[in-house]
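Structure record follows, encoded as structure tokens.
All residue numbers refer to positions in the sequence shown, counting from 1. One-based numbering, in listed order, for ligands and for the atoms of each.
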Amino acid sequence: DGNELSEILTYIDEEATDRSTTDLAGIAEGKNVIFVWLESLQTFVINNELHGEEITPFLNSLIDDSYYFENFYHQTEQGKTADSEFVSETSLYPLPSGAVYFTHGDNTYQSLPQMLGESGYSTSVFHANNGSFWNRNVMYGTLGIDHFYDINAYNVTDDNTVGWGLKDKDFFEQSMKYLTSLQEPYYTRMITLTNHHPFSLDEEDATLMPFDSNSRTLNQYFQTVRYLDESLELFFDELKAAGEYDDAIIVLMGDHYGISDFHDRAMAMYLDKEEITPYDHIQLQRVPLYIHIPGEKGEVISTVSGQVDIKPTLLHLLGIEDDNELGFGTNMFGENRKDFIALRDGSFITEDVIYTKGLFYDRVSGELIEETDVLLELKERAQQELTYSDQLIYGDLLRFHDLNQ
Ligand code: GP9
Ligand code: MN
């Protein structure tokens, strides 16, 4: 009801809003936005090696001229890719169970594509899967996405298919003709697929030897990660050749983990650890985030952040300042950020600590630390925030709120 909504809006206003500005405000004003979803890509492979070789040579070199967030966490649950799409575009949390894309696909939301649409952007998604998968064809309408280039936009054959569908290199190549005809300025998301469990790859596409452990899944993961890395390099080349590169900002984000804790033994072996502790588990929930602005030098940013922060951050860079913007994230470049990143299971991360499964750890060293009243209060706050987000969604409360800019 109204009271519930106003309590939540007050919380957001007081605790989850950063009104500070930065030198980067509006730096990408009017530019096209190309937002690439990196299926199952986790941060532990970046700047790491297998058999003495870089796993992701292109993504490693891209750090040099991008804003690269090395402590960025996914916040997804059972809705996997769909959850990552939801949290990034609405700055609300996905639900504790089920996929909000299915269960609340008709709600009122304040989404990034809607807001960009109101500022004159055309909005689209490219993904070579059935439009109904994850209820995307319904939810994209709800989120204000104008056009969905789904599997019907692609020429999918036995030769260019592996695992879940169209290979990423073919996906990017075939997308170019549509991308170049989008109405500018455009905001578009491109969702990759090849680096998806069970990480199958044709022999001819494997340019890295598999890892050697008891987990076939992890062994093959490095190979499909390398393939994803190569497909991104190819995509950047195509963007440059087509003249799309200079006018765009390119955002690359891992959607969620690819290697579950079922493979902890093999993971510990790769990371040269005795075991994967609950602390390690949380650190393995980091996914890469790159904000690449051609002509900008960028920086490696170590501040803790998460997918919930994407919407306010992109609006800041695009110069779309809106006092009515609401959500649980804060601008990743801001000075007065909210001081925790909540994961969907109630674990959270601050600059100093990681909380998970009832215990607090020093974020950097991983040492267990004593719980204090301050830490317990933070834990309550993270839980409260997740509950507020759930209430907004379950009650479809934003329909009672004036979302106009
Ligand atoms: C399906 C693709 C993968 O279209 O986005 O979904 P996931 O299984 O990762 O949620
Ligand atoms: Mn996914």
Inset, instruction - Please verify whether a non-hydrogen atom of W37 lies at under 4.0 Å from ligand 1. - result: no
Legend entry - Exercise: identify the closest heavy-atom pair between E77 and P96: CG-O, 3.9 Å
Inset, instruction - Establish, from distance only, whether the side-chain atoms of N71 and R286 form a donor-acceptor pair under 3.5 Å. - result: yes
Legend entry - Numbered atoms and elements of ligand 1 in range of N129, under 4.0 angstrom, heavy atoms: 1 (C), 4 (O)
Legend entry - Aromatic ring pairing F86/Y101, orientation class (parallel under 30°, perpendicular over 60°, tilted between): perpendicular
Inset, instruction - May I ask whether H127 has any heavy atom positioned less than 4.0 angstrom from an atom of ligand 1? - result: yes
Legend entry - Where ligand 1 meets L193 - atom numbers and elements under 4.0 angstrom, heavy-atom basis: 2 (C)
Inset, instruction - Please state whether the rings of Y11 and F328 are parallel, tilted or perpendicular, taking 30° and 60° as the class boundaries. - result: tilted
Legend entry - Whether H196 has an N, O or S atom under 2.8 Å from the Mn ion (ligand 2): no
Legend entry - Distance-only side-chain donor-acceptor flag, T194 / D168, under 3.5 Å: yes
Legend entry - Basic-acidic side-chain contact under 4.0 Å: D390, R344: yes
Legend entry - Ligand-side contact atoms (ligand 1) for residue partner F133, heavy atom cut-off under 4.0 Å: 1 (C), 4 (O)
Legend entry - Residue S84, metal the Mn ion (ligand 2), N/O/S under 2.8 Å: no
Inset, instruction - Could you list the atoms of ligand 1 found under 4.0 angstrom from a heavy atom of W134? - result: 6 (O), 7 (P), 10 (O)
Legend entry - Numbered atoms and elements of ligand 1 in range of K80, under 4.0 angstrom, heavy atoms: 7 (P), 10 (O)
